[in-house]
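Structure, as structure tokens:
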2 protein chains.
Amino acid sequence: MQHSVLQIPVQESLFVKDPTSSTVGKSILEHGLILLSEIGLEDFTFKKLAAKISSTESTIYRYFENKHQFLSYLFNFYWAWMDVNISFATTNIDDPKERLRRIIGLITKKVSNDLRTPFIDEALLQDVIALESSKTFLSKKVDEENQAGYFLQYKKLVDRISAVIIEINSGYPYPNALVTTILESSFHQRYFGNHLPRLTNEMHIDKRLEEFLLDLCLKTIA
Amino acid sequence: MQHSVLQIPVQESLFVKDPTSSTVGKSILEHGLILLSEIGLEDFTFKKLAAKISSTESTIYRYFENKHQFLSYLFNFYWAWMDVNISFATTNIDDPKERLRRIIGLITKKVSNDLRTPFIDEALLQDVIALESSKTFLSKKVDEENQAGYFLQYKKLVDRISAVIIEINSGYPYPNALVTTILESSFHQRYFGNHLPRLTNEMHIDKRLEEFLLDLCLKTIA
DNA sequence: TCAAATTGATAGTAATACTATTATATTTGT
DNA sequence: ACAAATATAATAGTATTACTATCAATTTGA
């Protein structure tokens with residue numbers, strides 16, 4: 001009895017060799033994510049990861065150019081996975097407001113491991129992306145990486161959510177800005193709730209975060 | 001004929017030796033900021049900075065523990081400076097909505113060099129902080145650094161703006177969350193406008209950014 | 001089963017992120 | 001004006017990082 005497997009496609013520019021195509025590759029993904037969540041991007045090195053999976057640096061370099069590319073891979077994976085979930089949760093719902101409600105629910109909710117993706121633990125992934133995702137685009141290499149398609153999946157999701165906003169109010173002039181504001185804020189507010197509580201208002205509680213962003217969003221586009 | 005000098009006080013935990021207390025120190029600040037704006041935090045090293053100011057690494061290490069502390073110093077300086085400006089622009093204004101309007105105006109406006117602070121070019125500082133500031137708090141060392149007072153100035157400003165929001169609507173439950181959402185968004189939207197335009201809506205234009213955030217803020221707390 | 005591709009083992013390089021030592025300036029307190 | 005204290009520059013050195021290169025052993029796949 002095998003449960004279904006969810007294929008999350010990731011851009012070719014985000015790896016040297018597709019990590020899902022081999023056992024070592026999958027191990028790099030799985031334990032790379034765990035190591036990242038444990039020590040953070042700064043202290044993360046391919047050498048440490050190689051030791052963890054009993055492999056070598058050179059092998060890991062055959063899959064990813066460097067740790068930044070590895071992070072970008074996870075970033076895209078996360079948003080592609082989120083896109084699938086959002087897509088699933090909003091099909092056949094006619095009312096765009098209800099769709100928006102569900103989207104914000106999904107974005108603000110703490111996720112748990114999705115067993116359909118064997119080597120990625122989404123609960124860990126969410127924490128890692130919340131902490132590190134800004135670092136994917138806040139770099140002097142943005143333009144180059146943008147050219148290479150590093151942010152396509154994120155853009156795609158932003159477009160999808162913007163379309164819902166436009167459905168609710170076709171005259172609202174800043175749909176994309178509103179969406180990215182909410183997405184970034186979702187990560188930051190939860191993070192502040194856990195580490196810098198004076199910068200927020202009890203946002204470690206999922207429901208409050210959801211209410212804050214839904215309220216903000218609906219009022220803004222009303 | 002000397003113009004007035006604006007003293008921006010920075011926490012003692014943000015340096016080893018006060019850089020404003022000596023010529024080399026001031027040079028580290030001035031050229032450190034320039035170098036940061038040129039090459040970004042990743043490629044920035046004390047060795048390169050030392051070469052630029054014809055000094056040595058060891059001298060710089062006597063002022064700052066590492067480049068992260070140096071960035072945090074600039075982060076605090078920026079928000080302290082912004083706090084002074086906001087404070088000045090909002091005294092004697094009775095209407096809290098008008099005060100909020102002015103605050104959002106100041107936050108979203110591209111700043112130009114403030115000649116009252118001799119060794120810091122605020123125009124550069126704003127660009128650097130927009131790109132790098134998230135990295136000050138998105139780190140595995142947040143709690144430790146928070147303890148040490150690394151974010152005090154930012155918190156202070158958030159409190160000040162939150163108070164204005166509470167004045168407008170004392171029942172609004174998320175004033176701090178709203179303020180940090182706006183402050184972060186202000187940086188990110190402008191950045192997206194310049195580098196990832198599909199994630200925003202022409203936010204490289206100051207006036208549009210201001211309108212987007214002011215509208216969002218006023219509707220949310222209405 | 002033979003060629004091709006993949007991995008592991010090992011080595012090596014340039015740069016980073018520091019720390020330590022000492023000689024030389026410079027400042028300062030009296 | 002001078003000695004004492006302090007700051008800086010010059011130099012050296014270490015452990016780690018971020019790679020690249022080579023080659024033998026192993027796996028795979030046509």
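Here is how names work: the chains are called A, B, and so on, in the same order as the sequence lines, proteins then strands, and each is numbered from 1.
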Classify Phe46(A) by what it touches in the nucleic acid, base, sugar-phosphate, or nothing, heavy-atom distance under 4.0 Å.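 No contact.
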Across the strands shown, which category fits Ser22(A) at heavy-atom distances under 4.0 angstrom: base, sugar-phosphate, nothing?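 Here Ser22(A) touches the backbone only, sparing every base.
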Answer yes or no: does a side-chain N or O of [X] lie under 4.0 Å from OP1 or OP2 of [N]?
{"X": "Lys17(A)", "N": "dT6(C)", "answer": "yes"}
{"X": "Ser55(A)", "N": "dG8(C)", "answer": "yes"}
{"X": "Tyr63(A)", "N": "dT7(C)", "answer": "yes"}
{"X": "Thr59(B)", "N": "dA9(D)", "answer": "yes"}

Integer-rounded Å distance: [N] [atom2] and [X] [atom1]:
{"X": "Asp18(B)", "N": "dT6(D)", "atom1": "CG", "atom2": "C1'", "result": "16 Å"}
{"X": "Lys47(A)", "N": "dT10(C)", "atom1": "NZ", "atom2": "C1'", "result": "12 Å"}
{"X": "Lys48(A)", "N": "dT17(D)", "atom1": "NZ", "atom2": "P", "result": "5 Å"}
{"X": "Phe44(A)", "N": "dT17(D)", "atom1": "CZ", "atom2": "P", "result": "12 Å"}
{"X": "Glu57(B)", "N": "dA15(D)", "atom1": "CD", "atom2": "P", "result": "17 Å"}

Given axes from five pairs at either end, by how many degrees does the helix from dT1(C)-dA30(D) to dT30(C)-dA1(D) bend, rounded to 10°?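 Answer rounded to 10°: the end axes differ by 30°.
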Please determine, by modelled atom types, if Thr117(B) and Glu122(B) share a side-chain donor-acceptor pair under 3.5 angstrom.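 Note: Thr117(B) and Glu122(B) side chains meet the donor-acceptor criterion.
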Any donor-acceptor pair under 3.5 Å linking the side-chain atoms of Thr56(B) with those of Thr59(B)?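 The criterion, which ignores hydrogens and geometry beyond distance, is satisfied for Thr56(B) and Thr59(B).
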Carboxylate-amine/guanidinium contact Arg190(B) Asp206(B), below 4.0 Å: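 Salt bridge: yes.
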Which label fits Phe75(A) and Trp79(A): parallel for a plane angle under 30°, tilted from 30 to 60°, or perpendicular past 60°?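 Correct class here is perpendicular.
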Can you list every salt bridge (Lys or Arg N to Asp or Glu O under 4.0 Å) pair that touches residues 131-152 of chain A, not counting sequence neighbours?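 The answer is Glu132(A)-Lys135(A).
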Specify the residue among Lys67(B) and Arg62(B) whose closest nucleotide of DNA chain C lies further upstream toward the 5′ end.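 Taking each residue's closest nucleotide, the earlier one in sequence belongs to Lys67(B).
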I'd like to know whether the aromatic ring centres of Tyr63(A) and Phe15(A) sit less than 6.0 Å apart in this structure.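 No, ring centres 6.0 Å or more apart.
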Selection from dA9(D), dA9(C), dT19(C) that lies nearest to any side-chain heavy atom of Val24(B):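 Within the option list, the nearest is dA9(D).
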5'-most contact on DNA chain D: Glu42(A) or Ser58(A), nearest heavy atom basis?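 The 5'-side residue here is Glu42(A).
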So, applying side chain to side chain contact (heavy atoms under 4.5 Å, CB included) with Phe70(B), which one of Ile28(B), Ile60(B), Leu41(B) is it?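 Only one of Ile28(B), Ile60(B), Leu41(B) forms a side chain to side chain contact (heavy atoms under 4.5 Å, CB included) with Phe70(B), namely Ile28(B).
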